[in-house]
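What follows is one structure encoded as structure tokens, with my remarks underneath.
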Amino acid sequence: GATRWTTFHALADQQQVDQLRTVVLSNTYAAYTLTLDDGSGGSLSTLMWMLPPRPLQQIGNTGYYLISLVDDRFWWRWKSAALSVVGGTTTWTTLFSSIASALDITLTVDTIAAAYLKPSALLGTQYESLPLVLDAAAASVGMRFVRQLDGTCRLWSPANSKASANSQLAAIV
């Protein structure tokens with residue numbers, strides 16, 4: 001969902017933390033690619049932000065730290081916007097476009113069944129948390145928000161999600 005960001009935790013010693021700080025703080029604070037490799041040719045990569053390391057144990061000039069990495073959704077909880085929804089007039093496409101624009105993302109939305117009609121005026125907000133509104137609106141049309149590993153954002157219908165999972169499983173076998 002939009003309200004649940006990806007988190008990666010790792011244990012690092014002082015030297016490793018110093019190396020990470022050199023990379024992360026040498027330029028403008030930005031997301032960097034985290035790559036997890038299983039050692040047999042399989043890997044996955046995604047952009048992650050490093051949060052300040054948390055000291056776990058310190059003795060003299062050495063110690064161990066908890067390194068936490070998060071994806072873009074971590075920052076979304078502080079984003080809000082005034083969304084105007086006129087009951088019976090505003091379309092789902094317009095609502096999702098407004099939310100995506102306020103979050104500064106490109107959002108791909110699966111086809112919304114006509115049975116869902118139009119969004120309720122209750123989905124209009126006056127500077128409410130956008131991830132909460134996005135998850136609520138997605139649930140209102142029977143979909144789930146997904147941030148994919150490549151950073152793209154999509155509202156998945158159950159049918160398209162199942163088809164994607166089936167094709168990925170077929171590729172493994």
Taking the side chain as every heavy atom from C-beta outward, state whether [X] and [Y] have any atom pair closer than 4.5 Å.
X    : Y    : answer
I67  : L20  : yes
K162 : N166 : yes
K118 : T89  : no
I99  : L107 : no
L51  : V70  : yes
E128 : S80  : no
D104 : K79  : yes
L123 : W92  : yes

Linked, directly or transitively: [X] and [Y] (ILVMFWY side chains, under 4.5 Å):
X    : Y    : answer
L95  : V86  : no
L69  : L47  : no
I105 : W156 : no
F145 : Y116 : yes
M48  : L66  : no

Residues clustering with L122 (ILVMFWY side chains joined when closer than 4.5 Å, directly or via others):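 For L122, no cluster forms, as it stays isolated from other hydrophobic side chains.
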What salt bridge (Lys or Arg N to Asp or Glu O under 4.0 Å) pairs are there with at least one residue in residues 47-73, not counting sequence neighbours?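 For residues 47-73: D71-R73, D71-R147.
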What heavy-atom pair brings [X] and [Y] nearest, and what distance separates the two atoms?
X    : Y    : value
T33  : S45  : CG2-CB, 3.8 Å
W76  : C153 : CH2-SG, 4.0 Å
A102 : A81  : CB-CB, 3.7 Å
S164 : S167 : O-OG, 2.9 Å

Whether over 12 other heavy atoms sit under 6.0 Å from R4 CZ: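 Count not over threshold, so no.
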Can you confirm whether Q57 is buried at CD, in the sense that more than 12 heavy atoms of other residues, nucleotides or ligands lie under 6.0 Å from that atom?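 Above 12, so yes.
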Can you tell me how far [atom2] of [Y] sits from [atom1] of [X], rounded to the nearest 0.5 angstrom?
X    : Y    : atom1 : atom2 : result
T93  : I112 : OG1   : CD1   : 5.5 Å
L56  : Y65  : CG    : OH    : 9.5 Å
S161 : L155 : OG    : CG    : 12.0 Å
L83  : F96  : CG    : CZ    : 11.5 Å

Mark yes or no for whether S43, through its side chain, and D37, through its backbone, hold a donor-acceptor pair below 3.5 Å.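 Flag not set: sc S43 to bb D37 has no pair under 3.5 Å.
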Return yes if some donor-acceptor pair links the side-chain N/O of Q168 with the main-chain N/O of A165 below 3.5 Å, else return no.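 Looks like no, no N/O pair under 3.5 Å.
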Can you sort out the partners of Y29 under ring-ring contact (aromatic ring centres under 6.0 Å, His included), two or more places apart, ordered by chain and number?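 Y29 satisfies ring-ring contact (aromatic ring centres under 6.0 Å, His included) with W49 only.
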Pairing residues for F74 by the ring-ring contact (aromatic ring centres under 6.0 Å, His included) criterion, not counting sequence neighbours: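 Scan of F74 (ring-ring contact (aromatic ring centres under 6.0 Å, His included), adjacent residues dropped) gives W5, W78.
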Any residue meeting salt bridge (charged side-chain N to carboxylate O under 4.0 Å, His left out) with D110, in chain and number order, not counting sequence neighbours: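 Per chain and number, D110 pairs via salt bridge (charged side-chain N to carboxylate O under 4.0 Å, His left out) with R154.
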Please lay out, stage by stage, how Q19 and V23 fare under the test side chain to side chain contact (heavy atoms under 4.5 Å, CB included). CA-CA 7 Å; Q19 290 172 345; V23 171; over 6 Å; no
Under 3.5 Å, which donor-acceptor pairs link side chains of residues 132-141 to any protein atom two or more places apart or in another chain?
unit_1 : atom_1 : unit_2 : atom_2 : d
D135   : OD1    : A2     : N      : 2.8
D135   : OD2    : A2     : N      : 3.2
D135   : OD2    : T3     : N      : 3.2
D135   : OD2    : T3     : OG1    : 3.0
S140   : OG     : A136   : O      : 2.8

